[in-house]
Amino acid sequence: MAAALVDSMAMRQTMGRFATGVAVITTEHDGVPHGMTVNSLTSVSLDPPLLLVCFNHGARSAEAVTAAGRFVVNILSSRQRPIALRFAQRGEDHFAGLGLEYDGHRVPVVPGALAHLDCDVERVVEAGDHTVVFGAVKDVCSREGDALGFHGGRFADVIPHGQEPEHWFF
Ligand SMILES: Cc1cc2nc3c(=O)[nH]c(=O)nc-3n(C[C@H](O)[C@H](O)[C@H](O)COP(=O)(O)O)c2cc1C
């Protein structure tokens with residue numbers, strides 16, 4: 001199939017069938033906090049623990065993350081849709097009016113998130129119109145709760161099948 005047939009909208013709509021969670025990437029550079037909503041978060045490796053996030057070229061937070069060399073992945077709960085919207089506003093100071101909370105981390109975090117993964121920037125790869133940032137995970141904490149989902153361009157609830165995790169999860 002000719003690549004030209006797959007335009008950006010077709011790619012976005014088709015990949016939108018792949019349901020994800022929602023996270024906010026936070027960092028701090030030169031004393032200024034930055035944060036940005038993402039769903040391109042992927043676990044890459046368990047040993048060593050690595051993850052990746054894809055930043056659109058032009059995303060201000062990507063520059064802050066690479067300059068700071070560290071960031072936190074805040075995995076949002078189902079109650080944090082307003083946080084996801086706040087950190088997705090283009091051209092806004094996403095932390096405006098919010099008190100900064102570090103909760104023991106090296107950069108500000110989103111309080112009440114389901115999980116925090118504290119990362120060092122491990123490598124940065126340019127790929128098409130995105131910058132892929134690999135994070136070496138240095139610390140994690142998580143809690144029980146319902147996740148915020150994203151599917152078909154809409155926020156969604158994540159409804160578990162069954163009560164127990166699948167056997168290969170452990
Ligand atoms: C659910 C959701 C997921 C998003 N995922 C990404 C993503 O993975 N990568 C990206 O570059 N932008 C993503 N965005 C868009 C950014 O959050 C948005 O462009 C933001 O304004 C960028 O902020 P900044 O330029 O201040 O860093 C997403 C937005 C939403 C609502």
Side-chain angles (χ1 to χ4, degrees), residues 6-45 50-101 105-137 145-159:
V6 182
D7 65 18
S8 335
M9 194 47 71
M11 180 69 175
R12 173 173 288 195
Q13 286 180 347
T14 306
M15 284 306 296
R17 297 292 141 212
F18 187 60
T20 67
V22 182
V24 171
I25 305 302
T26 52
T27 192
E28 190 173 62
H29 179 54
D30 284 345
V32 179
H34 298 266
M36 165 174 168
T37 302
V38 300
N39 71 334
S40 59
L41 171 67
T42 302
S43 174
V44 172
S45 164
L50 295 171
L51 54 76
L52 70 77
V53 183
C54 302
F55 294 93
N56 194 8
H57 283 167
R60 295 166 301 164
S61 303
E63 291 171 26
V65 162
T66 52
R70 59 182 57 158
F71 62 96
V72 165
V73 177
N74 304 261
I75 298 178
L76 300 187
S77 80
S78 58
R79 296 174 164 202
Q80 294 182 309
R81 184 168 173 264
I83 296 281
L85 291 172
R86 163 188 272 268
F87 282 93
Q89 291 294 324
R90 285 192 188 274
E92 298 289 322
D93 171 4
H94 295 143
F95 276 94
L98 289 183
L100 295 186
E101 295 200 30
H105 296 276
R106 301 174 295 172
V107 304
V109 298
V110 175
L114 284 187
H116 294 131
L117 298 100
D118 208 315
C119 301
D120 284 343
V121 172
E122 196 260 353
R123 78 182 70 177
V124 178
V125 177
E126 296 301 327
D129 58 9
H130 277 62
T131 301
V132 186
V133 175
F134 287 77
V137 182
D146 295 332
L148 180 62
F150 196 69
H151 184 231
R154 298 181 185 89
F155 292 102
D157 291 326
V158 179
I159 301 168

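All ligand and atom numbering here is 1-based and tracks the order in the structure. Residue numbers count from 1 along this sequence. Just so it is clear, the model here is predicted, and its values are computed rather than measured.
Side-chain contact between Thr66 and Phe55 is absent, with no heavy-atom pair separated by less than 4.5 Å. Within the 4.5 Å cutoff, no side-chain heavy atoms of Ile25 are placed close to those of Thr27. At least one side-chain heavy atom of Phe71 sits less than 4.5 Å from a side-chain heavy atom of Val121.
Of the heavy atoms in Ala84, none comes closer than 4.0 Å to ligand 1. At a 4.0 Å heavy-atom cut-off, ligand 1 touches Gln89 through the backbone alone.
Residue Asn39 has at least one nitrogen or oxygen atom sitting less than 3.5 Å from a nitrogen or oxygen atom of ligand 1, judged on distance alone.
In this structure a side-chain-to-backbone donor-acceptor pair under 3.5 Å is missing from Asp120 to Ala136. A donor-acceptor contact shorter than 3.5 Å links the side chain of Arg86 to the backbone of Ala96. Listed for the Asp146 side chain is no donor-acceptor partner under 3.5 Å among the backbone atoms of Ser78. Looking at Arg60, its side chain never comes within 3.5 Å of a backbone N or O of Arg90 through a donor-acceptor pair.
Ranking the protein heavy atoms by distance from atom 14 (N) of ligand 1 puts Thr37 O, 3.3 Å first. Among all protein heavy atoms, the one lying closest to atom 26 (O) of ligand 1 is Arg60 NH2, 2.5 Å. At the shortest separation from atom 12 (N) of ligand 1 among protein heavy atoms lies Met36 CE, 3.2 Å. Nearest protein heavy-atom contact of atom 11 (O) of ligand 1 is Asn56 N, 2.7 Å. The closest protein non-hydrogen atom to atom 23 (O) of ligand 1 is His94 CE1, 3.4 Å. Of the protein's non-hydrogen atoms, the one nearest atom 8 (O) of ligand 1 is Ser40 OG, 2.7 Å.
Under 3.5 Å, the side chains of His29 and Glu63 contain no donor-acceptor pair of N or O atoms.
For His34, the closest heavy-atom approach to ligand 1 does not fall below 4.0 Å.
Near Arg90, meaning under 4.0 Å from any of its heavy atoms, are these atoms of ligand 1: 19 (O), 21 (O). Numbered from 1 in the order shown, with element, the atoms of ligand 1 that lie under 4.0 Å from a heavy atom of Phe55 read 11 (O).
Nearest-heavy-atom check against atom 9 (N) of ligand 1 across Cys54, Ala88, Gly21 picks out Cys54.
Take His94 and apply the side-chain hydrogen bond (donor to acceptor under 3.5 Å, both in side chains) test, not counting sequence neighbours, and it matches no residue.
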